[in-house]
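Naming convention: chains lettered A, B, ... in sequence-line order (proteins, then strands); numbering from 1 in each chain.
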Amino acid sequence: MFKILERKDLAPSIKLFVMDAPLVAKKARPGQFVILRIREGGERIPLTIADYDAEKGTVTVVFQEVGKTTRELGTMKAGDLLQDFVGPLGVPVEFPHHKKVLGVGGGLGVAPLYPKLKMLHEQGVEVVSIIGAKTADMLIFEDEMKAVSDRLYVCTDDGSKGRHGFVTVVLKELLEQGEKFDEIIIIGPPILMKIGADITRPYGIPTMVSLNPIMVDGTGMCGGCRVSVGGETRFACVDGPAFDGHKVDFDELMKRLATYRDEEKISADRFQEAHECKLTGKIKEAERDAAE
Amino acid sequence: MPLNKSKKKTPMPAQKPEVRRRNFNEVALGYTQEDAVNEAQRCLQCKKPGCVQGCPVQVQIPRFIKLIAERDFDGAIKVIKETNSLPAVCGRVCPQEEQCEQKCVVGKMGEPVAIGRLERFAADWERAKGVKTPELPEKLGKKVAVIGSGPASLTCAGDLAKLGYDVTVFEAFHKPGGVLVYGIPEFRLPKAIVQEEVDFIKKLGVEVKTDMVMGKVLTVDDLFDMGYEAVFIGTGAGLPKFMGIPGENYLGVYSANEFLTRINLMRAYSFPETDTPIKVGKKVAVVGGGNVAMDSARSALRMGAEEVHIVYRRSEEEMPARQEEFENAKEEGIIFDFLTNPVRILGDEKGWVKGIECIRMELGEPDASGRRRPVPVKGSEFTMEVDTVVIAIGTGPNPLLIKATEGLELTKYGYIAADENGRTSREGVWAGGDIVTGAATVILAMGAGKKAAASIHEYLQSKK
Ligand SMILES: Cc1cc2nc3c(=O)[nH]c(=O)nc-3n(C[C@H](O)[C@H](O)[C@H](O)COP(=O)(O)OP(=O)(O)OC[C@H]3O[C@@H](n4cnc5c(N)ncnc54)[C@H](O)[C@@H]3O)c2cc1C
Ligand SMILES: Cc1cc2nc3c(=O)[nH]c(=O)nc-3n(C[C@H](O)[C@H](O)[C@H](O)COP(=O)(O)OP(=O)(O)OC[C@H]3O[C@@H](n4cnc5c(N)ncnc54)[C@H](O)[C@@H]3O)c2cc1C
Ligand code: SF4
Ligand code: FES
């Protein structure tokens, strides 16, 4: 069992947990992820390691409530226990010779982007970052990103904060203005990574993306996480999750992510129902208390 | 003792095909005491028993069968356990028809003695009474690490614990048991049996740590730093092979590992009570001809598929699956397409599989395996409409731990090179089971774990 030490609500439906996981913390490196299971019978879901502290033995994860498991996770609080917390999985990223790097993070993608840029910043690399979200209150990790970036651009889709528009607009501008980078790291929804990689391709700048296919074990034994990169099948859990964005078949990834759409809906609806009962139950209790 | 001269095995009660094809409960129900005694009386008590030679771990078969005939069931299981630590498992899944039973003299004139069923009976007899924990010797104060928790690892860990070592098992999954829990389905091997085996080694004092992806969370070097004096690697052959044909990434195409793991380990058959889903369509094709293909096909049926095909490029004769499982699958209505090889998987615009293009094969000259090599018949391509495909064409060694371990010599196929006692090229490191032999059998993995435990004991005794 693994204890949730701290919970922070970063935005509506986006939460951060600091987990007590000393062994994982000791080995964790930027680019790696964990697989967790809330309880017996639960699904194994992967989450990126957003931060870690080997000395304190803690690992930070940030998640967005999109379906049954992440919503159930969102009901948990500090002190609660998770059944399983496995990691660190995946290949750590390394940038041995870079001088200047651009990070592009969309939505929840800012969280997995952060540890990579933090490492680059600590290595003395010049870091420029572009982060964005749908609205101002959905924006996460702004302070953290500020602390590790030499220059930070903030965008929102609705213009409620920073630049009005997508992160890819700023990315395009910077490249058009002739700014040079040794590497560009783009993390966000697959469609954002696809568009981003298309923008950087003509400039020939190496572009790293981090893929999020559906996983089971995370150790290379099921092949469910397979993605096509440069025409070859790779297992994202052991060969990635970071890959060369210019070679990834994003259309295939997006299709495969929809495999269980019907089942996800069944799960989410059941959860909603069970949960609403609890809520209305609580309201009823409150009414009774008030009446007494 | 009276001799039973029947030419046929005493039948074992089983669920009827039309019932069992839709449930996950165990198919074979096991002998009653009367059945067992009756069958034991078929054994001729040979002076030079062929059966023992055929058994990879030399279970003293005539001895235990005699005890069953004499109704000394406690004595029988004791004899079996002298050399086989997992009889309840082996009695159910061993390919006896290629091992002990193949060599049984009675089999020359009819059906051989049902050694597997008798083994199962004796093991279940003991289970029903509750397995006693043996008295443990004084602790030796030496720590041994065992990586993986399949039959090789469970056996190695158990034997070392009985000798007084402090043993820790490190398993990547959230549940110990290896293929016995994630691969072989409930209807052939109830998970409760595997759990009992795990509980048993825990009672012997073995600590079982799950969620430990070794090579990632800890390396072999870390283990030595932590004070472990020997390490046994039993990580199996868990890397799924794909065919390398177009269309394998369409939605609805699974490796057998993923298909079976979702169903067995993640209990997708209870979805949405449990959270992990699986997509099993109306018409399923399973590619391959081994036990894994049979298990996948029979699981697909139990998940509600209307029609399940096994597509195999050779003929019935070359099929590596156990005879019994092949018979079971046929009885349940699985359709066998022999001498048929997929060349391409077809999909719709949303990326869902909608068919397989196959080509007919014929048998040519024998190949390296001694089996006649299948060669395509020109122009015989045809399309099978299916909405789920399961690829069960074999597995390889998972490189995850191997890559993170220095000084381990490998075979040319990437398995760990080890001598007959499981000793690897690295001092203090043993390996056994599928990670050494390639995908094999439970009994061979168990035997390898046993030999390694003895060899580790010898090493640690001489080391002090
Ligand atoms: C390497 C990796 C790192 C990830 N990091 C993060 C992260 O830091 N924060 C975060 O919020 N999300 C992350 N994800 C995605 C996260 O795992 C999914 O959102 C989560 O599994 C959804 O589960 P659910 O039951 O709540 O939703 P569901 O209703 O099951 O699914 C919602 C969506 O998530 C995808 N999904 C479903 N099951 C899985 C699964 N087992 N594995 C992967 N994706 C799945 C589906 O395509 C679906 O579109 C990561 C995924 C991967 C592969
Ligand atoms: C579907 C199926 C049906 C089969 N049917 C039969 C049958 O009827 N009869 C028969 O005799 N044999 C059968 N077999 C074969 C048999 O199950 C195997 O030969 C046997 O289980 C091998 O045992 P093992 O201990 O070597 O490894 P496994 O049982 O494969 O166990 C290996 C364990 O190591 C763990 N592991 C792997 N990597 C790591 C790591 N890095 N860190 C920690 N843990 C790790 C795995 O999670 C797994 O739990 C079948 C196999 C399958 C897949
Ligand atoms: S070979 Fe057959 S008859 Fe002879 S001892 Fe073995 S089981 Fe009995
Ligand atoms: S998640 Fe199973 S192989 Fe990657």
Check: Is it the backbone or the side chain of B:Tyr250 that comes under 4.5 Å from a heavy atom of chain A, or both, or neither?
Finding: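 Backbone of B:Tyr250 only, per the 4.5 Å heavy-atom cut-off to chain A.
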From [X] [atom1] over to [Y] [atom2], what is the distance, rounded to the nearest 0.5 angstrom?
X: B:Asp348; Y: A:Lys255; atom1: CG; atom2: NZ; value: 8.5 Å
X: A:Arg261; Y: B:Lys350; atom1: CZ; atom2: NZ; value: 8.5 Å
X: A:Arg44; Y: B:Phe173; atom1: CZ; atom2: CZ; value: 5.5 Å
X: A:Cys222; Y: B:Tyr254; atom1: SG; atom2: OH; value: 10.5 Å

Look at [X] together with [Y] and state whether they make a salt bridge at an N to O cut-off of under 4.0 Å.
X: B:Asp222; Y: A:Lys27; answer: yes
X: B:Asp275; Y: A:Arg39; answer: yes
X: A:Glu40; Y: B:Lys175; answer: no

Item checked: Flag, side chain of B:Lys216 to backbone of A:Gly90, donor-acceptor distance under 3.5 Å ->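 Yes; at least one donor-acceptor contact below 3.5 Å.
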Looking only at heavy atoms and a cut-off of under 4.5 Å, which of [options] has the most pairs with chain A?
options: B:Thr276, B:Asn249, B:Thr261; result: B:Asn249
options: B:Arg267, B:Met266, B:Lys279; result: B:Lys279
options: B:Thr210, B:Leu265, B:Val253; result: B:Val253

Item checked: Contacting region of A:Arg270 [heavy-atom separation from chain B under 4.5 Å] ->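 Answer is side chain: those atoms of A:Arg270 sit under 4.5 Å from chain B.
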Next item on the list: Name the region of A:Leu23, side chain, backbone, both or neither, that has any atom closer than 4.5 Å to a heavy atom of chain B.
Entry: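 When you check distances to chain B, atoms from both the backbone and side chain of A:Leu23 fall under 4.5 Å.
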Checklist line | Student check: side-chain heavy atoms of A:Gln83 and B:His174 closer than 4.5 Å | finding: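 Contact flag for A:Gln83/B:His174 side chains = no.
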Notebook entry, point to check: Which members of residues 394-406 of chain B, sorted by number, sit under 4.5 angstrom from chain A on a heavy-atom basis?
Noted result: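 Within residues 394-406 of chain B, the residues that come under 4.5 Å of chain A (heavy atoms only) are B:Asn398, B:Leu400.
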